Amino acid sequence: FTPTLSYRYNGADIRLANANGSAAVLLVRLPIAQGLTASVTQLAMAPLSLRQVAFVDLSSGVSESVRIVSWTQTTPGGPLTVTLDPSPLFTIPASPPARISSLTYSPDASKLAVVSNVDGQNNEVRVFDVASRTQIGDAIPLVQYGHVVRWRAFDDSLLLRGSTGVWMLKDGVQTKLFADPQGLPFDTFNGASAEAVFRFHDARGNTIQRWDGVTGNAGQAAFVQLVPNGIDPSISCDNGRM
């Protein structure tokens, strides 16, 4: 067993799997509070060498927290020893309605970016130092909310996708790249590549489409369809698989 993929299962589990999807192993299982449908709402997997997953914990039913679970594997291919951090990096109360909508590791996994809002307002990005589990600086207010955030290794910026478009956040400045009303999952390529893959939905279903990271046309990005079906694309660290 060589953990390569991390995913949510049944709204309550975080699991690991081999690159081909086999040998699923449980990392975390949290109880689902009464009246809710999930206890784990978002997750982000660090580069494999760190052996770590950050996730949003909703199990209390009264707040959302960002937590980190790590593992060690003494024998290559053997069993895992799992450690769940006892203290959250960040907690936001559920009343008034608040949400942690997305999180993403920096390319070197030294930082974690977290997007949140309170009652549809106070849209913010927080950046945490992973080693010390502490917030770096103040929360960064957003001009427009991004439901999904991904770190862009290409220029060390954040890409945010929301209901009004795709935005770049760099050095505290949020810039709109192109219009896009969908706000659905996407992922960025790694290393020097500026590309990204996006999920789109229309009457024909869900498609995964590729953007070269640069080309636009009258405020719209130029997309090329990759696959006719898919809802949550994830690019491998070497950009060789999705």
Side-chain angles (χ1 to χ4, degrees), residues 5-17 21 24-46 52-71 80 82-105 112-128 130 133 135 139-142 144-150 158 160-164 180-187 198-202 205-206 229-234:
L5 303 173
S6 180
Y7 62 97
R8 290 193 313 139
Y9 180 81
N10 240 15
D13 292 3
I14 298 175
R15 298 187 180 189
L16 293 175
V25 168
L26 181 67
L27 273 184
V28 173
R29 175 172 290 159
L30 298 176
I32 298 176
Q34 185 175 1
L36 300 181
T37 59
S39 55
V40 177
T41 58
Q42 304 289 334
L43 66 81
M45 189 175 187
Q52 185 178 99
V53 171
F55 67 98
V56 178
D57 177 358
L58 189 59
S59 61
S60 72
V62 297
S63 64
E64 295 191 14
S65 299
V66 176
R67 303 180 69 184
I68 289 179
V69 59
S70 307
W71 69 91
L80 308 182
V82 178
T83 302
L84 178 61
D85 279 8
S87 300
L89 275 73
F90 169 61
T91 298
I92 193 167
S95 181
R99 186 183 180 207
I100 299 171
S101 68
S102 189
L103 62 170
T104 182
Y105 278 97
L112 184 75
V114 178
V115 177
S116 66
N117 73 80
V118 178
D119 203 16
Q121 305 296 318
N122 298 329
N123 303 313
E124 297 174 329
V125 172
R126 288 173 170 79
V127 178
F128 295 87
V130 173
R133 307 291 202 264
Q135 184 172 318
I140 303 167
L142 296 175
Q144 290 289 330
Y145 191 56
H147 302 293
V148 184
V149 62
R150 294 291 179 264
L158 293 175
L160 298 127
R161 189 183 194 190
S163 58
T164 62
D180 169 25
Q182 300 223 345
L184 297 172
F186 74 98
D187 198 17
F198 291 78
R199 169 193 169 190
F200 284 88
H201 178 78
D202 58 25
N206 296 295
N229 294 290
I231 61 171
D232 197 351
S234 179

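Computation of the quantities below employed the complete heavy-atom set of this structure, encompassing side-chain atoms and omitting hydrogens, waters and symmetry-equivalent molecules. Here the structure is a predicted model, which means the values were calculated and not measured.
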Using the test side-chain hydrogen bond (donor to acceptor under 3.5 Å, both in side chains), find all partners of [X] that sit at least two apart in sequence or belong to another chain.
X	value
Glu124	Arg126
Asp57	Ser59, Arg67
Ser6	none
Ser101	Tyr145

> Where do Arg161 and Ser102 land on the side chain to side chain contact (heavy atoms under 4.5 Å, CB included) test, with the steps shown first?
Replying inline: CA-CA 10 Å; Arg161 189 183 194 190; Ser102 189; over 6 Å; no
Atom [atom1] of [X] and atom [atom2] of [Y]: how far apart are they, to the nearest 0.5 Å?
X	Y	atom1	atom2	answer
Thr104	Gln42	OG1	CD	11.5 Å
Ile14	Phe55	CD1	CZ	4.5 Å
Ser65	Leu89	OG	CG	10.0 Å
Thr41	Glu64	OG1	CD	5.0 Å
Gln144	Leu160	CD	CG	11.0 Å

>> One pair to check against side chain to side chain contact (heavy atoms under 4.5 Å, CB included): Met45 and Leu16. What are the steps and the verdict?
In response: CA-CA 10 Å; Met45 189 175 187; Leu16 293 175; 4.0 Å; yes
So which atom in [X] and which in [Y] form the shortest heavy-atom distance, rounded to 0.1 Å?
X	Y	value
Ile68	Ala54	CG1-CB, 4.1 Å
Arg133	Asp85	NE-OD2, 2.6 Å
Ala113	Val149	O-CG1, 4.5 Å
Pro93	Ala98	O-CB, 2.9 Å

I want to check something: taking the side chain as every heavy atom from C-beta on, are [X] and [Y] in contact at a cut-off of under 4.5 Å?
X	Y	result
Leu30	Ile32	no
Leu36	Leu58	yes
Pro88	Val66	no

> Does Arg8 pair with Asp13 as a salt bridge, N-O distance under 4.0 Å?
Replying inline: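 Answer for the salt bridge query: no.
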Mind checking what makes side-chain contact (heavy atoms from CB on, under 4.5 Å) contact with [X], not counting sequence neighbours?
X	result
Tyr7	Tyr9, Arg15, Ala17, Ala24
Val82	Leu27, Val69, Trp71, Leu80
Ile231	Arg199, Asn206
Ala44	Leu103, Tyr105

> Looking at Ile100, Ile92, Asn123, which hits side-chain contact (heavy atoms from CB on, under 4.5 Å) with Asn117?
Replying inline: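 In the set Ile100, Ile92, Asn123, the residue that makes a side-chain contact (heavy atoms from CB on, under 4.5 Å) with Asn117 is Asn123.
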> Can you pull the salt bridge (charged side-chain N to carboxylate O under 4.0 Å, His left out) pairs that have at least one residue in residues 33-43, sequence neighbours excluded?
Replying inline: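 As it turns out, there is no salt bridge (charged side-chain N to carboxylate O under 4.0 Å, His left out) pair with a partner in residues 33-43 once direct neighbours are skipped.
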> Taking only residues two or more places apart in sequence or in another chain, which ones pass ring pair (Phe, Tyr, Trp, His ring centres under 6.0 Å) with Phe186?
Replying inline: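 Partners of Phe186 under the ring pair (Phe, Tyr, Trp, His ring centres under 6.0 Å) test: Phe198.
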> Hey, does the side chain of Asn10 reach the backbone of Ala12 with a donor-acceptor pair shorter than 3.5 angstrom?
Replying inline: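 Here the side-chain-to-backbone pair does not exist.
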>> Please evaluate residues His201 and Leu184 with respect to the criterion side chain to side chain contact (heavy atoms under 4.5 Å, CB included), reporting the C-alpha separation (whole Å), side-chain torsions for both, the decisive distance (0.1 Å), and the verdict.
In response: CA-CA 8 Å; His201 178 78; Leu184 297 172; 4.0 Å; yes
